[in-house]
Q: 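Have a look at the structure that comes next, please.
We count ligands from 1, going down the list as the structure has it; atoms in each ligand are counted the same way. Keep in mind that the numbers below use all heavy atoms, side chains included, and drop hydrogens, waters and symmetry copies. Just so it is clear, the structure is predicted and the values come from calculations on it, not from any experiment.
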Amino acid sequence: MDGSPIAKRIALAQQGVATLLAYLNSAEYLHRSDDPENCDFVFGNPNEMPLAGFVEAMQKWSVPQNKDWFAYKLNEPDSREAVAESLQAWRGVRYDPEDIFLTTGAFGALAVAINALVNPGDEVIFISPPWFFYAPMIIAANGVPVRVLTDMRTLEPSLQAIEEAVSRKTRAIILNTPNNPTGKLYSEGFLKRLGELLVHKSHQIGHSIYLISDESYSKIIFDGRKHLSPTRYYPHSFLVYTYGKTLLTPGQRIGYLALSPEMPEREALREGLLMTQMVTGYAIPNALLQHAIRDLDRLSIDIPHLQTKRDRMVAELRGMGYELHVPEGTFYLLPKSPDPDDVAFSRRLGRQKVFCLPGSVAEMPGYFRISITASDEMIGRSLAGFRAAIERVKA
Ligand SMILES: Cc1ncc(COP(=O)(O)O)c(C=O)c1O
């Protein structure tokens with residue numbers, strides 16, 4: 001015992017995101033909405049009223065139809081069937097409803113998959129720059145996070161780097177496509193070769209390496225592109241999905257974890273996954289959201305409009321001299337910081353009333369991230385600030 005009231009693994013998880021936590025506690029972040037003129041591009045939060053269909057579904061399904069309406073809910077057969085039908089229509093793959101676990105968003109699905117799989121000291125590979133909570137979640141499950149860097153020219157990790165990261169202790173790899181923060185849709189060539197590599201390495205180390213496929217943004221795709229699920233190319237796969245992105249309602253927690261129909265271990269995993277949902281704090285969505293799931297599944301934010309915002313911002317920022325690629329999906333733009341010190345540059349933007357996520361706080365030094373969930377009006381208002389900030393750096 002070292003006298004700290006916090007368990008070591010949680011303290012370690014905190015250390016893993018110390019720079020992000022410091023940023024979230026900074027005056028710059030905390031005061032970003034003090035002035036109505038401020039433009040907040042930091043996170044993928046809504047900046048406009050929720051979808052009307054979402055509000056209607058909440059109202060409709062909050063009226064109880066029987067005494068058990070708000071009783072304890074598990075992975076309700078009807079919700080499981082709704083997800084299975086959705087996946088079949090969307091991806092042409094028939095999932096067994098018994099292999100679908102309703103979760104509190106992708107956070108819940110990731111926590112359940114990681115906690116169900118990882119023994120103390122097991123390694124879990126993830127790709128950096130990552131979504132902020134992969135490493136903390138692995139550490140909190142007593143695992144060891146192993147980082148593989150994205151090649152920022154191709155926006156994919158190299159297969160060689162993944163191969164080198166595998167050890168006898170590797171239990172799982174987490175992939176995220178389309179990717180937060182790069183907006184990259186992993187290509188078929190990469191996914192096929194990765195599937196082959198994982199088969200080969202699993203054989204070599206004597207146990208299956210599980211693939212946890214975070215597909216939180218798989219319905220937020222631009223330019224008519226097609227999302228390819230990594231789960232199609234490797235049988236030992238868990239699919240992670242959240243409705244929070246497609247509906248832009250991240251405060252209403254619903255998503256799912258689905259075991260690939262080809263996964264040989266799926267029957268053996270079922271009871272353990274339910275147990276993990278329980279012991280990770282009932283990682284099951286509220287009754288109301290489960291009742292509403294069929295209606296929610298039909299809804300989406302306006303993706304063509306999001307694409308218009310992406311195009312407008314990319315063109316405007318490039319016109320000012322920013323360097324940035326065009327994301328293929330997700331909510332994010334990832335420009336290079338004109339000042340190599342991206343934290344200083346984000347502060348400079350803040351002085352212009354524009355708030356973006358400095359890359360260094362989330363394993364992407366030299367970049368900053370913009371969330372295009374901002375409204376058109378906010379985007380328009382922000383442009384002068386983006387221009388003034390880069391001009392000052394150039395001067
Ligand atoms: C890649 C990725 N995975 C998981 C999550 C968590 O999603 P949710 O809050 O809907 O559970 C997010 C949220 O930002 C994300 O970007």
Q: Looking at K336 and E323, is there a salt bridge between them, counting it only when a charged N and a carboxylate O are closer than 4.0 Å?
A: yes
Q: Going by the atom numbers of ligand 1, which of them fall below 4.0 Å from some non-hydrogen atom of K245?
A: 7 (O), 12 (C), 13 (C), 14 (O)
Q: I'd like to check whether G244 has a polar contact with ligand 1, where a contact means an N/O of the residue lying under 3.5 Å from an N/O of the ligand.
A: no
Q: According to the interplanar angle, ranging from 0 to 90°, do the rings of F386 and F368 count as parallel (below 30°), tilted (30 to 60°) or perpendicular (above 60°)?
A: parallel
Q: Output yes when the distance from some N or O of ligand 1 to some N or O of A106 is under 3.5 Å, and no in every other case.
A: yes
Q: How far is atom 9 (O) of ligand 1 from the closest protein heavy atom, and which atom is that?
A: R253 NH1, 3.0 Å
Q: Taking 4.0 angstrom as the limit, do E377 and R381 come out as a salt bridge?
A: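 Here E377 pairs with R381 in a salt bridge, since their nearest N and O are under 4.0 Å apart.
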Q: Please identify which atoms of ligand 1 are closer than 4.0 Å to at least one heavy atom of Y217.
A: 1 (C), 14 (O), 15 (C), 16 (O)
Q: Under 3.5 Å between any N/O of N180 and any N/O of ligand 1: does that happen in this structure?
A: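 By distance alone, the answer is yes.
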Q: Below 4.0 angstrom from a heavy atom of N176, which ligand 1 atoms are there? Numbered from 1 as shown, please.
A: 1 (C)
Q: Who pairs with R270 by salt bridge (charged side-chain N to carboxylate O under 4.0 Å, His left out), at least two apart in sequence or on another chain?
A: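 D96, D99.
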Q: May I ask you to decide whether K73 forms a salt bridge with D68, counting only side-chain N to carboxylate O separations under 4.0 Å?
A: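 Result for this pair is no, no salt bridge flagged.
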Q: Does W131 approach ligand 1 within less than 4.0 angstrom via side chain, backbone, both or neither, non-hydrogen atoms only?
A: side chain
Q: Test of understanding: given a 4.0 Å heavy-atom threshold, classify the contact between Y134 and ligand 1 as side chain, backbone, both, or neither.
A: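 Looking at Y134 and ligand 1, just side chain atoms fall under 4.0 Å.
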Q: If the cut-off is 4.0 Å to any non-hydrogen atom of S216, which atoms of ligand 1 fall inside it?
A: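 Under 4.0 Å from S216, ligand 1 has these atoms: 2 (C), 3 (N), 4 (C).
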Q: Any side-chain to backbone donor/acceptor pair from N180 onto T182? Under 3.5 Å, distance only.
A: no
Q: Could you list which atoms of ligand 1 come closer than 4.0 Å to a heavy atom of G105?
A: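 The atoms of ligand 1 under 4.0 Å from a heavy atom of G105 are 11 (O).
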Q: With a 4.5 Å cut-off on side-chain heavy-atom distances among I, L, V, M, F, W and Y, is there a chain of contacts connecting I138 to F107?
A: yes
Q: Less than 4.0 Å between a side-chain N and a carboxylate O, is that true for E98 and R266?
A: no
Q: Using a strict cut-off of 4.0 Å, indicate which atoms of ligand 1 neighbour a heavy atom of T242.
A: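 Within the 4.0 Å cut-off of T242, ligand 1 contributes 8 (P), 10 (O).
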Q: Would you mind checking which non-hydrogen protein atom is closest to atom 2 (C) of ligand 1, with the distance to 0.1 Å?
A: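 Sorting protein heavy atoms by distance from atom 2 (C) of ligand 1 puts D214 OD2, 3.4 Å first.
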Q: Name all residues meeting the side chain to side chain contact (heavy atoms under 4.5 Å, CB included) criterion together with V199; count only those two or more places apart in sequence or in a different chain, and write none if there are none.
A: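 Only Y234 meet the side chain to side chain contact (heavy atoms under 4.5 Å, CB included) criterion with V199.
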